[in-house]
Protein chains: 2
Amino acid sequence: MLQISFEIDKAANILKLLGDKTRLTMMKLMDNHACCVCEFVEIFQFSQPAVSQHLRKLKDLGLVVEERKGQWIFYSVNKNNEYYSFIQPILDQLPSQDYKIKELEEKGTRINCC
Amino acid sequence: MLQISFEIDKAANILKLLGDKTRLTMMKLMDNHACCVCEFVEIFQFSQPAVSQHLRKLKDLGLVVEERKGQWIFYSVNKNNEYYSFIQPILDQLPSQDYKIKELEEKGTRINCC
DNA sequence: TGAATATATAAGCAAATAGTTATATACTAA
DNA sequence: TTAGTATATAACTATTTGCTTATATATTCA
């Protein structure tokens with residue numbers, strides 16, 4: 001009973017995070033690409049702290065993982081999270097946002113440090 | 001391009017609505033059972049207007065449909081909505097909340113007017 | 001070391017959210 | 001018609017949210 005209650009709570013918390021256009025787009029992008037903070041700043045035209053705060057929330061729930069590469073910290077969807085099976089069908093049904101990555105590449109602001 | 005943007009917007013709006021524990025539980029229940037407002041009042045122990053306002057939001061996005069039966073208005077998940085395929089896998093992965101209905105039946109406050 | 005770049009955290013603020021109480025509307029049944 | 005029940009709407013409020021600017025921390029490179 002407590003377990004069920006916990007699961008509904010957890011699911012609601014995850015959906016609340018995904019229920020923001022910026023974070024949802026980030027998650028769709030990070031499902032295919034590791035992205036760093038400055039790329040999201042470029043894509044969404046928000047301040048760097050705004051982007052960091054979104055990523056912090058996603059990280060706190062375990063939805064994304066970070067990996068530092070030199071100056072940059074790359075974020076990607078945590079496919080080992082026990083709730084990935086919950087969010088996968090959601091992300092799969094979203095239209096690809098890869099054109100945003102292409103735009104970065106065309107502007108020369110895509111980070112490829114590896 | 002506008003279409004894609006619209007879809008991400010719409011998906012985020014749907015997920016935002018589902019990202020509330022009360023509404024998510026309601027949706028899970030209404031996926032199997034038509035429920036009326038007073039049943040939700042009993043289940044959640046919120047005021048009747050609070051319940052009506054949640055249902056209003058779900059109805060405004062087309063996620064639920066209402067059907068009046070006598071004094072009562074029964075709400076259920078709108079499976080004809082074009083976005084039902086989007087929310088179905090979400091609801092399917094949630095633990096059943098039917099025990100809440102059973103509790104109503106045991107207390108004698110379940111409405112069965114048909 | 002010191003300057004430049006990338007990211008995180010803190011503090012503040014306007015808008016959105018989810019509840020409340022009060023009241024209006026709609027249906028049922030005497 | 002009138003009383004009782006079910007639901008919706010309006011107005012209000014406390015809390016949460018998502019941004020901002022200012023500042024701190026971490027890494028790279030000359």
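Convention: sequence-line order gives letters A, B, ...; per-chain numbering from 1. Quantities reported herein were computed from a predicted structural model and do not represent experimental measurements.
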Legend entry - D:dT9 OP1/OP2 closer than 4.0 Å to side-chain N/O of B:R56: yes
Inset, instruction - State whether B:T22 places a side-chain N or O below 4.0 Å from either non-bridging phosphate oxygen (OP1 or OP2) of C:dG19. - result: yes
Inset, instruction - Round to a whole Å and report the spacing from CH2 of B:W72 to P of D:dT5. - result: 11 Å
Inset, instruction - Specify the separation, in whole Å, of atom NE2 of A:H54 and atom C1' of D:dC19. - result: 8 Å
Inset, instruction - For B:K16, report the nucleic acid contact type (base, sugar-phosphate, nothing); a contact means any heavy atom under 4.0 Å. - result: sugar-phosphate
Inset, instruction - Side chain of A:E66 only, please: which of D:dG18, D:dT7, C:dA8 is the nearest? - result: C:dA8
Legend entry - Under-4.0 Å salt bridge between A:E42 and A:K107: yes
Inset, instruction - Please report, rounded to the nearest Å, how far the C1' atom of D:dT7 is from the CG atom of B:L55. - result: 10 Å
Inset, instruction - Please confirm whether any donor atom in the side chain of B:Q53 sits under 3.5 Å from an acceptor in the base of C:dA18, or the reverse. - result: no
Legend entry - Any donor-acceptor N/O pair, A:N78 side chain to A:L63 backbone, under 3.5 Å: no
Inset, instruction - Measure the acute angle between the ring planes of A:W72 and A:F74, then classify it against the limits of 30° and 60° as parallel, tilted or perpendicular. - result: perpendicular
Legend entry - Minimum-distance nucleotide to A:F46 side chain [options: C:dT20, D:dC19, C:dA18]: D:dC19
Inset, instruction - Measure the distance from CD on A:Q48 to P on C:dA10 and round it to the nearest whole Å. - result: 14 Å
Inset, instruction - Specify the separation, in whole Å, of atom CZ of B:F40 and atom P of C:dA18. - result: 16 Å
Legend entry - Residue-phosphate contact under 4.0 Å: B:Y75 side-chain N/O, D:dA8 OP1/OP2: yes
Inset, instruction - Ignoring backbone atoms, test whether A:K69 places a side-chain nitrogen or oxygen under 4.0 Å from the OP1 or OP2 oxygen of C:dA6. - result: no
Legend entry - Value in whole Å for how far the C1' atom of C:dA18 lies from CG of B:L24: 16 Å
Legend entry - Pair B:K102 + B:D98, salt bridge at N-O below 4.0 Å: no
Inset, instruction - Look at A:K57 and D:dG18 and indicate whether a side-chain polar atom (N or O) is within less than 4.0 Å of OP1 or OP2. - result: yes
Legend entry - Under-4.0 Å side-chain N/O to phosphate OP1/OP2 contact, B:S47 with C:dG19: no
Inset, instruction - Please report, rounded to the nearest Å, how far the P atom of C:dG19 is from the CE atom of B:M26. - result: 9 Å
Legend entry - Matching residue for A:Y75 among A:E66, A:H33, A:E67 - test: side chain to side chain donor-acceptor pair (under 3.5 Å): A:E66
Legend entry - A:R68 side chain near C:dT7 phosphate (N/O to OP1/OP2, under 4.0 Å): no
Inset, instruction - Could you state the atom-to-atom distance from CD of B:Q71 to P of C:dC27 in whole Å? - result: 11 Å
Legend entry - 5' priority, DNA chain D, between A:P49 and A:L17 [closest heavy atom]: A:L17
